[in-house]
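Computed from heavy atoms alone, side chains included, the values below leave out hydrogens, waters and symmetry copies. Every value quoted in this text rests on a predicted model; they were computed, and no experiment measured them. Counting starts at 1 for both ligands and their atoms, in listed order.
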Amino acid sequence: MISRKMMNMTKNGSAIRAMFEEGMRMAEKFGKDNVFDFSLGNPNIPAPEKVRDEIIRLARDTDPMELHGYMANAGYPQVRATVAQSLNKRFGTSFSENNIIMTVGAAGGLNVILKTLLNPGDEVLVFSPYFLEYGNYVANYDGVLKAIPAKEEDGFQPDGEALRAAITPKTKALILNNPNNPTGVIYSAEKIREIADVLYERQKELGTSIYIVSDEPYRELAYDGIEVPFITKYYNNTIVGYSWSKSLSLPGERIGYLAIPDEADDSQLIIDAAVIANRILGFVNAPSLQQRLVAQCLEEKTDVDAYDRNRKALYNGLTDCGFECVYPSGAFYLWVKAPDGDDSTFVQKAKGHNILFVGGSSFSCPGYVRIAYCVSNDMIMRSMPAFKALAQDYGLIK
Ligand code: PLP
């Protein structure tokens with residue numbers, strides 16, 4: 001018999017993965033070109049040319065014993081120093097290699113930091129809608145995830161007053177995901193300041209430390225020249241979790257980092273514990289080849305313009321059909337209101353037109369759906385008649 005905990009996690013499964021598998025079944029039945037699968041956040045843009053060149057160069061030119069061997073559990077010191085310097089140059093921070101721990105993607109980093117911080121029963125706050133895996137990650141360490149609804153009328157920006165009310169003596173962390181999956185919203189500097197003020201105030205009242213865990217796999221995907229605030233500059237108890245999954249289209253390679261600033265309460269204790277957590281969770285260390293690769297490719301960028309074209313095509317196409325969408329500023333998701341308020345009916349009706357997207361219930365926010373536009377522009381264009389037919393089903397257009 002499996003554990004009760006895993007029994008629950010298995011039962012809840014992943015609606016997004018299930019949808020993806022359904023998409024493959026439908027593609028077999030109707031033909032690939034006739035199915036419009038917007039379910040998964042798997043980048044469709046290939047990694048930059050330099051990434052592929054560097055993989056080949058590293059494999060060819062590095063001593064294999066060195067290339068594939070174990071290293072310090074935090075990662076190669078030289079790689080961590082390079083990442084630290086790059087952050088300092090971009091954001092005016094003062095990280096050294098000591099502040100950087102290389103991780104197995106953002107998911108690995110989140111698990112490492114939650115294992116490091118949480119005692120059983122500790123509370124972790126998150127603004128909903130949110131990436132539902134957070135619930136599993138927090139449950140891994142017997143923490144309790146508490147969702148605070150972001151304000152719909154405020155374009156799904158976080159609500160400082162609701163945050164204040166949600167904080168208790170057991171609050172250990174707030175997970176912030178900016179740019180946001182699933183809404184595509186970017187939290188402004190003003191919002192981050194508001195959140196920081198609330199946290200500072202409540203920490204003082206309660207005599208506790210409350211950490212922001214800033215989950216940033218979409219940091220580089222911001223449009224219209226909008227800046228994504230670097231949160232350590234607003235709040236000292238911030239731990240940044242980054243990943244190259246989306247920024248360099250390397251999701252299967254599992255590479256990211258945690259940045260733990262000296263200014264955070266108990267910083268060195270957290271760093272030392274996180275390194276051990278990285279080891280004992282079974283990651284041991286982030287993949288060695290990928291560490292060396294990203295250190296060579298810190299200046300590389302994915303084709304944000306291509307995502308931007310998709311963003312505009314989909315947003316304009318859907319709003320022209322009468323759908324209500326949140327205008328996305330970042331990531332590669334469009335957050336669309338279910339015309340009759342029922343996201344599961346919306347998902348089912350869309351399937352009838354061979355369109356696949358994910359209901360907001362999968363992000364703890366029913367009434368909306370998430371459309372992932374990390375797909376080919378061609379597919380978006382071909383899907384428009386199907387979206388029109390869907391809009392007709394709802395009487396949005398004739
Ligand atoms: N956090 C968010 C908000 C995500 O959307 C994802 C992946 O889609 C992750 C974390 C995990 O990313 P990684 O592939 O870096 O583990």
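- Within the structure, the side-chain hydrogen bond (donor to acceptor under 3.5 Å, both in side chains) test picks out the following pairs touching residues 55-75 (sequence neighbours left out): Glu54-Arg57.
- Using modelled atom types and a 3.5 Å distance limit, the side chains of Asn44 and Ser376 yield no donor-acceptor pair.
- By the ring pair (Phe, Tyr, Trp, His ring centres under 6.0 Å) test, Tyr211 pairs with no residue at all, sequence neighbours left out.
- Met65 belongs to no hydrophobic cluster, as no Ile, Leu, Val, Met, Phe, Trp or Tyr side chain comes under 4.5 Å of its own.
- A distance limit of 4.0 angstrom between heavy atoms and ligand 1 selects the residues Gly105, Ala106, Ala107, Phe131, Tyr134, Asn177, Asn181, Asp215, Pro217, Tyr218, Ser243, Ser245, Lys246, Arg254.
- Residue Glu205 places its CD atom among more than 12 non-hydrogen atoms of other residues, nucleotides or ligands, all under 6.0 Å distant.
- Asp320 has no carboxylate O lying under 4.0 Å from a charged side-chain N of Lys388, or vice versa, which leaves the two without a salt bridge.
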